[in-house]
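Computed from a predicted structure; not experimentally measured. Chain letters run A, B, ... following the sequence lines, proteins first, then strands; residues in each count from 1.
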Amino acid sequence: MSRQASRGTESKKMSSELFTLTYGALVTQLCKDYENDEDVNKQLDKMGYNIGVRLIEDFLARSNVGRCHDFRETADVIAKVAFKMYLGITPSITNWSPAGDEFSLILENNPLVDFVELPDNHSSLIYSNLLCGVLRGALEMKRSPDLGPGDMEVLGVSIRKEEAEGMCGSGEERRG
Amino acid sequence: MSRPAHRRPEYHKINKDLFVLTYGALVAQLCKDYEKDEDVNKYLDTMGYGIGTRLIEDFLARSCVRRCHSYSEIADIIAQVAFKMYLGITPSVTCNNASRNEFSLILDKNPLAEFVEELPAGRSSLCYSNLLCGIIRGALEMVHLAADVTFLKDRLKGDSVTEIGITFLKKLDEKKYRRKK
């Protein structure tokens with residue numbers, strides 16, 4: 001059903017609220033379709049993966065980023081270019097592992113979770129799990145074809161922590 | 001799962017593509033869930049309605065539109081302000097009848113269908129972008145305007161343009177809920 005987007009001259013920008021609400025509708029639908037949160041999480045990841053493998057070409061064409069020489073550069077591009085472009089936010093990069101092969105992105109003000117409270121019966125739901133799949137799919141498409149021992153391969157992208165501080169009214173942070 | 005915002009979130013301008021692909025995932029999921037196109041269309045409309053009833057508050061707060069005095073003004077605002085704000089396009093507006101309550105929005109390009117070449121086999125009656133109809137209907141209802149909103153033509157179905165028809169019905173009880181401007 002799908003094809004590459006034509007590069008028209010119309011604006012590629014939109015406000016994020018429609019996306020936020022549509023994403024909410026998608027997650028709600030999945031919660032109806034699957035009995036447990038783990039299955040919803042898995043399906044969100046899978047959907048995100050399929051999105052990521054398509055999105056990466058568009059991202060590279062639009063952003064003009066050159067080839068990254070190490071994982072730190074890749075992390076920077078993800079946080080400062082990709083997240084900015086598609087979600088309007090710039091996560092911070094922290095928690096580098098000693099080997100330099102694992103890091104965390106801390107998302108303040110994730111627009112996907114605006115207006116969202118998880119109900120009690122969905123405490124294991126990883127609401128924004130689509131993002132993990134997108135990152136995984138995008139990165140997997142662009143890994144070096146000549147991978148050898150010691151080269152970088154995407155083993156996994158996961159949301160480690162999602163914290164909500166306070167309920168409505170006070171400041172809320174979502175970390176991922 | 002949702003609540004009204006007690007704190008206005010930051011306004012983010014984003015690139016459409018992630019949204020467009022996520023929308024495709026949503027439609028694909030509904031096609032798995034419902035065998036008949038009519039059911040998918042209906043469900044997209046219902047989802048859109050839920051979205052529209054929430055989106056309208058954001059729209060009114062950010063667009064500062066003044067009170068409209070005619071359906072034609074409303075149609076213009078939908079096309080030139082709302083579509084621009086949320087989808088980055090400006091459909092053209094035509095009025096379809098002498099009573100001036102039936103309008104068409106002609107979408108030269110439909111961003112929701114940007115990555116869609118054609119409808120899948122066996123899905124020829126699918127109104128792929130039917131979420132939009134529900135959104136418009138839900139949003140209008142929150143400002144006490146009842147309307148029928150449907151796709152009259154769709155490029156994905158082989159038509160020359162994509163056209164959304166809006167028919168304004170009897171105005172809901174306006175006296176009680178007159179919006180202060």
Side-chain angles (χ1 to χ4, degrees), chain A residues 1-6 8 10-33 43-44 46-48 50-52 54-55 58-59 62 84-89 109 111 114-119 122 125 127 130-131 134 167-172, chain B residues 1-30 32-33 43-44 46-48 50-52 54-55 58-59 62 84-90 108-109 111-112 114-121 123 128 131-132 135 156:
Chain A
M1 216 208 303
S2 68
R3 61 172 167 77
Q4 285 294 91
S6 54
E10 98 247 0
S11 166
K12 283 295 249 177
K13 292 285 191 185
M14 59 179 276
S15 284
S16 60
E17 288 77 14
L18 177 54
F19 180 28
T20 299
L21 292 169
T22 304
Y23 184 75
L26 172 64
V27 177
T28 304
Q29 185 63 25
L30 289 177
C31 288
K32 283 193 192 139
D33 291 345
Q43 187 67 9
L44 279 171
K46 200 162 99 173
M47 285 178 164
N50 290 329
I51 289 173
R54 291 174 173 81
L55 199 62
D58 184 85
F59 170 70
R62 226 173 269 294
K84 183 74 187 165
M85 188 184 286
Y86 295 114
L87 287 173
I89 56 172
N109 300 320
D114 282 341
F115 314 121
V116 176
E117 261 177 29
L118 287 188
H122 285 288
L125 179 65
Y127 185 85
L130 193 94
L131 297 182
V134 172
M167 299 290 273
C168 2
S170 57
E172 274 193 26
Chain B
M1 224 188 277
S2 69
R3 59 174 171 82
H6 290 261
R7 169 183 66 84
R8 190 178 300 289
E10 292 176 31
Y11 295 132
H12 296 121
K13 278 282 188 191
I14 57 171
N15 179 291
K16 280 187 257 191
D17 295 324
L18 178 54
F19 167 54
V20 169
L21 290 169
T22 303
Y23 182 74
L26 171 63
V27 178
Q29 185 64 27
L30 290 178
K32 275 191 203 148
D33 293 345
Y43 209 80
L44 278 171
T46 304
M47 279 182 167
I51 290 173
R54 291 169 173 83
L55 200 62
D58 180 82
F59 172 70
R62 293 169 55 191
K84 182 75 188 165
M85 187 184 288
Y86 295 115
L87 287 173
I89 58 167
T90 310
D108 192 43
K109 260 190 157 132
L112 287 187
E114 192 171 329
F115 295 102
V116 181
E117 181 128 345
E118 58 184 12
L119 296 176
R123 288 286 181 189
Y128 182 84
L131 196 90
L132 295 181
I135 291 175
L156 284 179

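- Rounding to the nearest 0.5 Å places CG of Asp114(A) at 9.5 Å from CG of Asp58(B).
- Contacts of Leu30(B) with chain A are made by side-chain atoms alone, with heavy-atom separations under 4.5 Å and no backbone atom involved.
- Contact of the Arg54(A) side chain with the Phe115(B) side chain is not registered, since no non-hydrogen atoms from C-beta on lie closer than 4.5 Å.
- Annotation: the span from Gln29(A) atom CD to Asp33(B) atom CG amounts to 5.0 Å, rounded to 0.5 Å.
- Distance OG1/Thr20(A) to CD1/Ile14(B): 7.0 Å, rounded to 0.5 Å.
- Contacts between Tyr43(B) and chain A at a heavy-atom distance below 4.5 Å involve the side chain alone, from C-beta outward.
- Under the 4.5 Å side-chain criterion, counting only non-hydrogen atoms from C-beta, Leu18(B) is in contact with Leu55(A).
- At a threshold of 4.0 Å, the pair Asp17(B)-Arg62(A) counts as salt-bridged, since one of the basic side-chain nitrogens sits closer than that to a carboxylate oxygen.
- We find the CZ-CG distance between Phe19(B) and Leu87(A) to be 12.5 Å, quoted to the nearest 0.5 Å.
- Residues Arg62(B) and Ser15(A) have side chains in contact (heavy-atom distance under 4.5 Å, counting atoms from C-beta outward).
- Between Ile51(B) and Ala25(A), the shortest heavy-atom distance links the atoms CD1-CB, 4.3 Å.
- Heavy-atom distances place the side chain of Met47(A), and not its backbone, under 4.5 Å from chain B.
- Within the 4.5 Å cutoff, the side chain of Tyr86(A) has heavy atoms near those of the Asn15(B) side chain.
- Of the listed residues (Met47(B), Met85(B), Gln29(B)), the greatest number of heavy-atom pairs within a distance under 4.5 Å of chain A belongs to Gln29(B).
- No side-chain heavy atom of Ser16(A) sits under 4.5 Å from any side-chain heavy atom of Lys13(B).
- Within the 4.5 Å cutoff, no side-chain heavy atoms of Val134(A) are placed close to those of Leu21(B).
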